Amino acid sequence: MGAMVGVALLGASVTNAFAADETLRSLAEERGRYIGAILNSEWFGGRIESQFEQIHKAQFNAVVAENEMKFDATEPSEGRFSYGNGDKMVKYAQQNGMRVRGHALAWHSQVPNWVNNYKGQKDKLFKVLKNHIENVVSHWKGQIAEWDVVNEAINDNNNHGWRSSGSVWFETLGADFLDSAFVWAHAADPDAELCYNDYAIEWGLGSGSKAGFVLEQVKRWKKNGIPITCVGTQTHIEISHETTPKNVRDFAKALAELGITLNITELDIGFPKGSANSLSAKDYQKQGHLYRQFMDVFLEEPNMGEFMIWGVTDAHSWLDGSQGKTQGLIYDKQYKPKPAYDSLIVSLKAHAPSEVVSPYSSNTPESSSSTDVSSSSSTITIKASMAPASLSMQVSGHTLLIAGTQSAMVDVFDMQGRPVFSAKCETGSIELKNVSEGLYVVRVRKGSASLTKRIAIK
Ligand code: G3I
């Protein structure tokens, strides 16, 4: 493995050094995790090279629309909903066994003018946002595993607070719209994971930090029973941002204390704009090394579930449009894998499936029915994974009932990934002795079959 790591980091493509069928997707699925990329607007418009989709469905088991599920795309005029592009993506995802992220319900940007025209009309705008969320989330109920319910609602000031200007939602509704958006989304699809998503929250939890402000809001939402389940760190960073992987790990650990998942939702690692023609193999190795560090953190933190890249190829990236960055993705403009691709593969292979805990079941993504662990009943039925042994499990109080096999290894981890219980089950059920009330991740293994799920012990 050392030799392989060395070669990957040296920038030489080692893709051919891996088994032919090994992909980001196959390695992610073995570990109960999701690695995905956007379907960009060129794909929706049917104006993209065929390699894009070939690579996308071979390498990724999760997908999100770059623009086509935003407010302006799904409700372009009042009460007139447009689901065609979103339906196209959901169908593609179901045909290719991918988990779907919905992006984004309440955001200050890409809001159609008819909404902005209601600025100042509080009652009307509350109805507009509620109606939008109820219609859009209901339309894809059970098909979208996770929503960015609120996107980028925090300002970029030194001492962070809510984005109080340039947001029709905040300017008219105040901060109440955030709590309400989560409640409305949960009512429309109780099984969907619900995220707060933002950028520049990869800079540590220090006093006055944006991530620190997010953490305080999540604590308040959890205390008030707001049904948030995840935070999305967009992670649009630059090659010089070398401290960000550790900051993301620290953030994941802080959120794990709250039972909240942290997902990387829009990763790209850009070089300075205009530098494309002067970049060396050493530059791309450095990019690969930073990508690898994010993957290491992702695989090692038990409450991280999705690793989403904001594009496939440098030939199609938002970075070259409006941003001061370039060449931030894992395939080059000719759809060749860059060292960043190889480094991700190496990181995945360096973390055995038995070492990686997942906050989601190992169900195939389209089932997307992640059980709401906060449900009141103490009996939680966990859907069978697609593992060959069609394992399934059910928790009732402290009793774990396992179907699909009489005997299996049972391991229980707290949300910080610390083992709290491990035993062999011989009779199809086992008492989770001395496991106190709270949120845990239980993993049931039988041969090569494995089912992992977040559970609540009440
Ligand atoms: O669809 C119109 C097209 O009809 C028109 O001809 C063309 C030229 O004006 O514009 C097209 O709309 C563009 C849209 O992307 C679809 O391509 C918008 O102008 C353009 O502003 C929009 O940019 C998107 C940007 O969000 C908008 O804020 C980027 O593609 C998209 O990558 C980017 O994604 C965001 C996430 O949603 C949130 N996090 C940050 C991330 C990067 O900004």
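None of the values given here were measured: they were computed from a predicted structure. Just so you know, these numbers use all the heavy atoms, side chains as well, and skip hydrogens, waters and symmetry mates. First listed ligand is number 1; within each ligand, the first listed atom is number 1.
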Closest non-hydrogen atom pair, G208 against H160:
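Answer, listing the atom of G208 first, then H160: O-CD2, 2.9 Å.
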Using 4.0 Å as the upper bound for N to carboxylate O, is an ion pair formed by R101 and E146?
yes
Residue contacts for ligand 1, heavy atom to ligand atom, distance under 4.0 Å
S41, E66, N67, K70, H103, W107, S109, Q110, N151, E152, Q234, H236, E266, W310, W318
Checking N67 against Q110: is there a side-chain donor and acceptor pair closer than 3.5 Å?
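There is such a pair between these side chains.
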Verify the ring-centre separation between W43 and H56: is it less than 6.0 angstrom?
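No; W43 has its ring centre 6.0 Å or more from that of H56.
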Which pairs with one or both residues in residues 312-337 pass salt bridge (charged side-chain N to carboxylate O under 4.0 Å, His left out), sequence neighbours excluded?
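Sorted pair list: D314-K338.
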Could you go through the salt bridge (charged side-chain N to carboxylate O under 4.0 Å, His left out) check for R25 and E29 one step at a time?
CA-CA 6 Å; R25 168 182 194 140; E29 284 168 351; 2.9 Å; yes
